[in-house]
Amino acid sequence: MHAHELAEKIYRLFAALRDTRPLVHVVTNFVVMNQTANALLALGASPMMSWAGDDAAYMSGVSDALCINIGTPVPERISVMKSLMSLAGETEKPVVLDPVGAGAGQFRTDIARELCAFAPAKIIRGNPSEICALAAGHLSTKGVDSGISPEQARAILTGHGRPDRNADALPNGASALLASASALVVSGKTDMVLGQGKMVKIANGSELMGAVTGTGCMLSAICAAFYAVAENGFDAAVAGVAVTGIAGELAAARVVGPGFFLPHFIDRLYALREADIHQYLRAQVHCF
Ligand SMILES: Nc1ncnc2c1ncn2[C@@H]1O[C@H](COP(=O)(O)OP(=O)(O)O)[C@@H](O)[C@H]1O
Ligand SMILES: Cc1ncsc1CCOP(=O)(O)O
Ligand SMILES: [Mg+2]
């Protein structure tokens with residue numbers, strides 16, 4: 001697929017999202033709740049940040065997509081997450097799982113692994129360490145941050161260095177995790193979206209995005225909004241990653257540091273136009 005066709009496809013999803021204004025139910029951490037809701041609103045979706053167990057059945061019935069984020073886990077919230085993901089699996093509701101801090105201690109890694117078993121058509125979006133912890137048992141997460149680069153993650157996921165593996169072949173370590181998902185997103189300087197037999201690399205974004213908390217969490221919620229209007233998780237993940245990266249890049253061009261990055265990012269999501277996607281998208285499509 002040519003870059004122009006991919007940009008066109010992403011724009012179609014973006015336009016559909018703005019037309020339909022999907023209701024995205026987000027159960028996320030205490031750190032990023034407000035900025036995630038604002039990012040979804042700016043994008044054109046309708047956020048609902050609720051984690052009450054008593055609300056779960058109703059929210060499951062009315063929402064168009066679900067985003068589950070384990071950043072600040074407490075037992076009651078984890079059990080609501082399981083119920084919501086289980087209901088979403090039954091009704092084939094689009095789900096994104098953000099395994100914040102997977103690989104940083106047994107507690108979080110176990111929670112993330114357990115949640116991976118629910119809602120088989122979900123997108124799993126994490127930074128390189130989080131995805132490698134789940135896919136390959138590679139423990140390198142520092143708190144909520146990645147201890148490895150996307151390139152190192154690609155090497156770990158493909159089984160690089162093993163004599164029976166070609167480093168450019170199907171991501172091997174990712175395949176078992178991918179069996180429990182419709183797409184995996186490994187974010188970072190270059191984002192990788194992995195699906196069955198295909199991968200898209202997107203090189204948008206800015207270093208500043210690593211200096212502001214919650215950019216990954218917002219990316220996951222944005223992928224959930226796109227999943228509500230996409231035919232599959234892979235296309236939704238590509239669109240979510242591209243739009244987040246382009247808005248981040250444009251926002252970073254206007255600021256000198258992280259302090260004002262966030263409001264500019266929200267503004268750029270709000271003001272994003274078709275021409276921006278065509279002009280700024282830096283993506284490569286690989287098929288295996
Ligand atoms: N060095 C970087 N250059 C460009 N974009 C980046 C960089 N670091 C992070 N990003 C972007 O920030 C967002 C969050 O990614 P990441 O920092 O990997 O997630 P998390 O916040 O969960 O650790 C993604 O959109 C990613 O593309
Ligand atoms: C700092 C922090 N601590 C617990 S959750 C959280 C936010 C993590 O956000 P992100 O994964 O998007 O950087
Ligand atoms: Mg994160």
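Order of listing sets the numbers, starting from 1, for every ligand and every atom in it. Scope of the values below: all heavy atoms of this structure, side chains included, with no hydrogens, waters or symmetry mates.
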>> Could you walk me through whether Lys201 and Arg282 satisfy the side chain to side chain contact (heavy atoms under 4.5 Å, CB included) test, starting with their C-alpha distance in whole Å, then the side-chain angles of each, then the deciding distance to 0.1 Å, before giving a yes or no?
In response: CA-CA 8 Å; Lys201 284 190 187 178; Arg282 287 193 297 281; over 6 Å; no
>> Less than 4.5 Å apart, side chain to side chain, heavy atoms only: is that true for Leu134 and Pro99?
In response: yes
> How far is atom 6 (C) of ligand 2 from its nearest protein heavy atom, and which residue and atom name does that atom have?
Replying inline: Val31 CG2, 3.8 Å
>> To the nearest 0.5 Å, what is the distance between CG on Leu272 and CG on Leu250?
In response: 7.0 Å
> Quick one: which ligand 1 atoms are inside 4.0 Å of a heavy atom on Gly205?
Replying inline: 4 (C), 5 (N)
>> Under 4.0 Å from a heavy atom of Gly71: which atoms of ligand 2 are those, numbered in the order shown and with their elements?
In response: 4 (C), 5 (S)
>> By the definition side-chain contact (heavy atoms from CB on, under 4.5 Å), identify the one residue from Arg268, Met209, Glu249 that meets it with Thr244.
In response: Met209
>> Could you identify the single nearest non-hydrogen protein atom to atom 8 (N) of ligand 1 and state the distance to 0.1 Å?
In response: Gly188 C, 3.9 Å
>> The test is side chain to side chain contact (heavy atoms under 4.5 Å, CB included); show your working for Val31 and Val144 and say whether it passes.
In response: CA-CA 12 Å; Val31 183; Val144 298; over 6 Å; no
>> Is there a polar contact between ligand 2 and Gly216, counting only N or O atoms under 3.5 Å apart?
In response: yes
> Any N/O of Met209 closer than 3.5 Å to an N/O of ligand 1?
Replying inline: no
>> Checking Asp55 against Met48 for the side chain to side chain contact (heavy atoms under 4.5 Å, CB included) test, could you report, in this order, the C-alpha distance in whole Å, the side-chain angles of both residues, the deciding distance, and whether it holds?
In response: CA-CA 11 Å; Asp55 218 8; Met48 170 55 152; 4.1 Å; yes
> At a 4.0 Å threshold, what atoms of ligand 2 neighbour a non-hydrogen atom of Thr213?
Replying inline: 1 (C), 7 (C), 8 (C), 9 (O)
> Which of the atoms of ligand 1 are close to Thr244, meaning less than 4.0 Å from one of its heavy atoms?
Replying inline: 25 (O)
> Considering only heavy atoms, does Asp98 approach ligand 2 within less than 4.0 Å through its side chain, its backbone, both, or neither?
Replying inline: neither
> Under the criterion side-chain contact (heavy atoms from CB on, under 4.5 Å), which of Met199, His286, Gln284, Glu151 is the partner of Met192?
Replying inline: Met199
> Between the side chains of Ser63 and Lys93, is a donor N or O closer than 3.5 angstrom to an acceptor N or O?
Replying inline: yes
> Short list, please: which atoms of ligand 1 are under 4.0 Å from a heavy atom of Asn127?
Replying inline: 18 (O), 23 (O)
>> Below a 4.0 angstrom heavy-atom separation, can you tell me which part of Asn204, side chain or backbone, both or neither, approaches ligand 1?
In response: backbone
> When you measure from atom 3 (N) of ligand 2 to every protein heavy atom, which one gives the shortest distance, and what is it?
Replying inline: Val144 CG1, 3.8 Å
>> Looking at non-hydrogen atoms alone, which of Gly216, Ser206, Ala252, Ala211 comes nearest to atom 6 (C) of ligand 1?
In response: Ser206
> Does Asp145, backbone or side chain, put an N or O under 3.5 Å from an N or O of ligand 1?
Replying inline: no
> Linking I/L/V/M/F/W/Y whenever any side-chain heavy atoms sit under 4.5 Å apart, do Val255 and Phe265 land together?
Replying inline: yes
>> Restricting to non-hydrogen atoms, name the atom on Pro258 and the atom on Leu208 that form the minimum distance, rounded to 0.1 Å.
In response: N-CD2, 3.8 Å
>> Can you report which non-hydrogen protein atom sits closest to atom 1 (N) of ligand 1, along with the distance?
In response: Glu207 CA, 3.6 Å
> Distance from Ile70 atom CD1 to Phe107 atom CZ, nearest 0.5 Å?
Replying inline: 8.5 Å
> Nearest to atom 16 (P) of ligand 1, what protein heavy atom do you find, and at what distance?
Replying inline: Ser187 OG, 3.3 Å
>> Which of the numbered atoms in ligand 2 are under 4.0 angstrom from any heavy atom belonging to Gly214?
In response: 9 (O), 10 (P), 12 (O), 13 (O)
>> Would Val100 count as a polar contact of ligand 2, with the cut-off being nitrogen or oxygen pairs under 3.5 Å?
In response: no
>> I need the Gln35 CD to Thr215 OG1 distance, nearest 0.5 Å.
In response: 8.5 Å
> For atom 22 (O) of ligand 1, what's the nearest protein heavy atom and its distance?
Replying inline: Arg125 NH2, 3.1 Å
> Nearest to atom 17 (O) of ligand 1 by heavy atom, Thr215, Val212, Ile222: which?
Replying inline: Thr215
> What's the spacing between Cys67 SG and Arg125 CZ if we round to 0.5 Å?
Replying inline: 9.0 Å
>> Could you tell me, atom by atom, which parts of ligand 2 come under 4.0 Å of a heavy atom of Cys217?
In response: 8 (C), 9 (O), 10 (P), 11 (O), 12 (O)
